[in-house]
Protein chains: 2
Amino acid sequence: MHDTGLAEASGLKAAGCRNVTPVLNRIGDKWSVLIVMILARRAHRFNELKREIDGISQRMLTLTLRGLERDGLVDRSVEPTVPPRVTYSLTELGQSLIEPVEALGRWAFAHIDCIRAAQQRFDAAIDADVPAQAGAPGALRAIA
Amino acid sequence: MHDTGLAEASGLKAAGCRNVTPVLNRIGDKWSVLIVMILARRAHRFNELKREIDGISQRMLTLTLRGLERDGLVDRSVEPTVPPRVTYSLTELGQSLIEPVEALGRWAFAHIDCIRAAQQRFDAAIDADVPAQAGAPGALRAIA
DNA sequence: CCGTATCCTGGTGGATACTG
DNA sequence: CAGTATCCACCAGGATACGG
């Protein structure tokens, strides 16, 4: 395992985390990654995105798009026709994000079964330990 | 319908996203990645983690740890001494997460300046467009 | 030391109605 | 079409107190 990166002893610990955190906040939110992945295929217009995602509110689409634009990941171009024609696309920076995100996606895809199995084992163990009746004070089990 | 690669040029549709989303919810939360990265260096005991993170509440530490354990990323071992000695460490699965997360970390580190520059440009443009007086209805600008 | 139970607040995000 | 403005429900998560 090459250790070129973050987890190296002391140096990058705090520094590395402080750099990753804001990025995580962005890609960790409900819609950003999804939008980036959709725009990775091709540029989309506003309502095109809204239809494709379906489940997102206008508000959140606008907000997320603004955030991505602010971070320089997405480009917003307006053709001053009437009605206005607004097209969203990935910037170079945005495209460079695809690779690490896909790496994560591949990891998720590769291990999803493993994770689900672990979850079921865990939940089963809980039930075994706690044959408790309804209403009994549980053990912080808001996990399930 | 097994799509081996997540995002071939045109690929990555809903199926891929549904696999990534739960993972994103985990690594996207406030503490999970941080904990995983700390445990990547060495196993820690509960209060050791609490001290190292400092800013986290017991509640969230417990909750996050439980979540990671449930997903099979973290192993919790209790030595039945008194007082109890509980040690948390990464499982194999947990260790395999380090690589893609570090990839993201490297991306963040490499582009953080670029992002901050974009943000400042964006904010400056907003201020230029809106020399508005205080109290004026702004344009969804809860971004800054 | 390692948690759990309870209370409470602030922010996230959905629904809805309105505009250019 | 492409947003904005406003209201509101929900719950993540901090503070605190207690228990094995």
Side-chain angles (χ1 to χ4, degrees), chain A residues 21 24-32 34-35 43-70 74-89 126 129-130 132 135-144, chain B residues 21 24-32 34-35 43-70 74-89 126 129-130 132 135-144:
Chain A
T21 298
L24 248 40
N25 285 343
R26 175 134 305 292
I27 69 122
D29 76 24
K30 212 175 176 183
W31 307 107
S32 287
L34 188 51
I35 291 177
H44 280 67
R45 294 178 51 193
F46 186 86
N47 278 343
E48 212 175 355
L49 280 170
K50 186 165 176 353
R51 274 190 303 273
E52 186 138 0
I53 299 181
D54 200 76
I56 195 172
S57 56
Q58 295 115 282
R59 180 188 142 87
M60 283 319 294
L61 183 52
T62 304
L63 239 37
T64 307
L65 249 12
R66 282 283 183 281
L68 292 169
E69 190 194 354
R70 187 175 113 98
V74 159
D75 179 60
R76 176 178 185 269
S77 82
V78 185
E79 296 172 60
T81 62
V82 53
R85 195 181 186 80
V86 181
T87 307
Y88 292 93
S89 56
I126 293 282
D129 286 348
V130 185
L140 254 191
R141 298 163 53 218
I143 301 171
Chain B
T21 298
L24 248 39
N25 285 343
R26 174 133 307 293
I27 69 123
D29 77 24
K30 211 175 178 183
W31 307 107
S32 287
L34 187 52
I35 291 177
H44 279 67
R45 294 178 52 192
F46 186 87
N47 279 343
E48 212 175 355
L49 280 170
K50 186 164 176 354
R51 276 190 302 274
E52 185 138 2
I53 297 181
D54 200 77
I56 196 173
S57 57
Q58 286 130 281
R59 182 188 141 87
M60 284 319 294
L61 183 53
T62 304
L63 240 36
T64 307
L65 249 12
R66 283 283 183 282
L68 292 170
E69 191 193 353
R70 187 174 112 98
V74 159
D75 179 60
R76 175 177 186 268
S77 82
V78 184
E79 297 172 59
T81 61
V82 53
R85 195 181 186 78
V86 182
T87 307
Y88 293 92
S89 56
I126 292 283
D129 285 348
V130 185
L140 255 190
R141 295 163 56 215
I143 301 172

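This is a predicted model, so every value here is computed, not measured. We name chains A, B, ... by the order of the sequence lines, and we start the count at 1 in each one.
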Listing time: all N or O pairs from protein to nucleotides 13-17 of chain D that are below 3.5 Å?
{"residue": "dG13(D)", "atom": "N7", "partner": "Arg59(B)", "partner atom": "NH2", "Å": "2.8"}
{"residue": "dG14(D)", "atom": "OP1", "partner": "Lys30(B)", "partner atom": "NZ", "Å": "3.1"}
{"residue": "dG14(D)", "atom": "OP2", "partner": "Ser57(B)", "partner atom": "OG", "Å": "3.0"}
{"residue": "dG14(D)", "atom": "O6", "partner": "Arg59(B)", "partner atom": "NE", "Å": "3.4"}

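When the P atom of dG3(C) is taken as reference, atom CD1 of Ile126(A) falls 12 Å away, rounded to whole Å. Counting to the nearest Å, the P atom of dT12(C) and the CG atom of Asn25(B) are 16 Å from each other. Regarding Leu61(A), its CG atom lies at a distance of 16 Å from the C1' atom of dA15(C), rounded to whole Å. Here the C1' atom of nucleotide dG3(D) and the CZ atom of Arg51(A) are 15 Å apart, to the nearest Å. When the C1' atom of dG13(C) is taken as reference, atom CD1 of Ile35(A) falls 13 Å away, rounded to whole Å. Across the protein-nucleic acid pair, Arg76(A) atom CZ and dG3(D) atom C1' stand 8 Å apart, rounded to whole Å. The separation between Leu49(B) atom CG and dC1(C) atom C1' is 14 Å, rounded to whole Å. Rounding to whole angstrom units, CZ of residue Phe46(B) and C1' of dC1(C) are separated by 10 Å.
Taken to the nearest 0.5 Å, the CD atom of Glu69(B) stands 11.0 Å off from the OG1 atom of Thr62(B).
The shortest distance between the side-chain N/O atoms of Arg45(A) and the OP1/OP2 oxygens of dA2(D) is below 4.0 Å. OP1 or OP2 of dT4(C) lies within a sub-4.0 Å distance of a side-chain N or O belonging to Arg66(B).
Across dC2(C), dG3(D), dG3(C), the shortest atom-to-atom separation from the side chain of Tyr88(A) is found for dG3(D). The nucleotide whose nearest atom lies closest to any side-chain atom of Val86(A) is, among dG3(D), dC1(D), dT4(C), dG3(D).
Residues Leu65(A) and Phe46(A) form a side-chain contact, since some pair of their non-hydrogen atoms from C-beta on lies under 4.5 Å apart. At least one side-chain heavy atom of Thr87(A) sits under 4.5 Å from a side-chain heavy atom of Glu79(A).
The heavy-atom pair separating His44(A) from Leu49(A) by the smallest distance is CB-CG, 3.6 Å. Considering every non-hydrogen atom in both Ile27(A) and Ser32(A), the closest pair reads CA-CB, 4.5 Å. Nearest heavy atom pair, residue Thr64(A) against residue Arg26(A), reads O-NH1, 4.4 Å. Residues Val86(B) and Tyr88(B) come closest through the heavy atom pair CG1-CE1, 3.7 Å.
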